[in-house]
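These notes are about the structure you will find just below.
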Amino acid sequence: MKNSYEPLHRDFFMQSTIDLAQALLGCTLVKITNEGTAAGYIVETEAYMGPMDRAAHSHQNRRTKRTEIMFAEAGHVYTYLMHTHCLVNVVSSDKEKPEAVLIRAVEPVAGMELMFKRRGMTDIKNLTNGPGKLTKSLGISMEDYGRVLWEPPIFISNGISPHSISQGKRIGINNTGEAKDYPWRFWITENPFVSRHQIESKKPVI
DNA sequence: TGGATGATGGCCT
DNA sequence: GGCCATCATCCAA
């Protein structure tokens with residue numbers, strides 16, 4: 001395990017949301033707490049495109065206490081609660097443009113013991129292969145809401161270069177009309193830690 | 001102020 | 001695949 005990680009510069013986040021969603025693949029997501037450091041390579045992301053995207057919380061510029069941080073500068077942390085789980089997003093695009101990238105899965109890299117302890121299990125394949133699982137493993141919570149990702153205790157660092165990137169429909173947004181079919185999910189091809197290996201349509205898409 | 005909602009996960013059959 | 005725990009947030013009234 002590395003002793004320290006170097007955060008990427010804030011300029012890294014200044015690219016289009018679709019580009020950022022892919023650029024984040026292979027990067028290391030690091031969280032430091034008083035329990036220790038935990039980190040993972042980002043292997044799966046989804047882009048949420050703001051006002052025009054019915055699946056986005058910021059659809060039609062909906063601006064509430066929850067979505068407020070989506071309107072901030074790129075590189076802020078947008079965490080929110082889904083049932084009993086915390087999900088983490090990277091705010092993207094310009095100020096006042098509420099776009100974000102959801103981190104859906106990481107590959108464990110450092111702090112494995114701590115992650116297992118937090119999750120209360122020992123199966124590495126199920127440790128961080130989902131948006132709620134990775135936040136619990138890394139110790140990411142609502143306390144991280146509004147933090148910036150270019151300095152500790154939560155930040156993005158260099159990692160690996162994906163050999164190949166796959167693209168498909170986003171997951172879990174089946175009540176959002178056409179938006180459910182937009183191909184804004186990205187993952188490292190054949191990485192064993194992605195949340196789902198393929199999405200099948202039960203009915204043919206016309 | 002209350003009821004509906006959900007970018008999930010774990011357990012069940 | 002189905003069921004549902006469980007709770008902050010949101011919005012209608």
Nearest-nucleotide check on DNA chain C, A:His85 vs A:Met142; residue mapping nearer the 5' end is A:His85
With side chain to side chain donor-acceptor pair (under 3.5 Å) as the criterion, how do A:Thr33 and A:Arg118 come out once you've worked through the C-alpha distance, each side chain's angles and the decisive distance to 0.1 Å? CA-CA 12 Å; A:Thr33 71; A:Arg118 284 172 171 152; 3.1 Å; yes
*Think A:Arg119 has a side-chain N or O under 4.0 angstrom from the OP1 or OP2 of B:dG10?*
yes
Pairing partner of C:dA8, by Watson-Crick or G-U wobble and under 3.5 Å for both distances, is B:dT5
Taking B:dG9, C:dC10, B:dA7 as options, the one with an atom nearest any side-chain atom of A:Lys133 is B:dG9
Sequence neighbours excluded, the answer for ring-ring contact (aromatic ring centres under 6.0 Å, His included) partners of A:Tyr80 is A:His57, A:Tyr78
Out of C:dT6, B:dG6, B:dG9, minimum distance to the side chain of A:Pro131 belongs to B:dG9
**Prompt:** Does a side-chain N or O from A:Arg62 land closer than 4.0 Å to OP1 or OP2 of C:dC11, or not?
**Reply:** yes
Pairing partner of B:dC11, by Watson-Crick or G-U wobble and under 3.5 Å for both distances, is C:dG2
Paired with A:Val88, the side-chain contact (heavy atoms from CB on, under 4.5 Å) test is passed by just one of A:Leu102, A:Val77, A:Asp144, namely A:Val77
Per-pair stack call A:Tyr48 and B:dA7, 5.5 Å, 30°
yes
Does the aromatic ring of A:His83 sit over the six-membered base ring of B:dT8, closer than 5.5 Å centre to centre and tilted less than 30°? yes
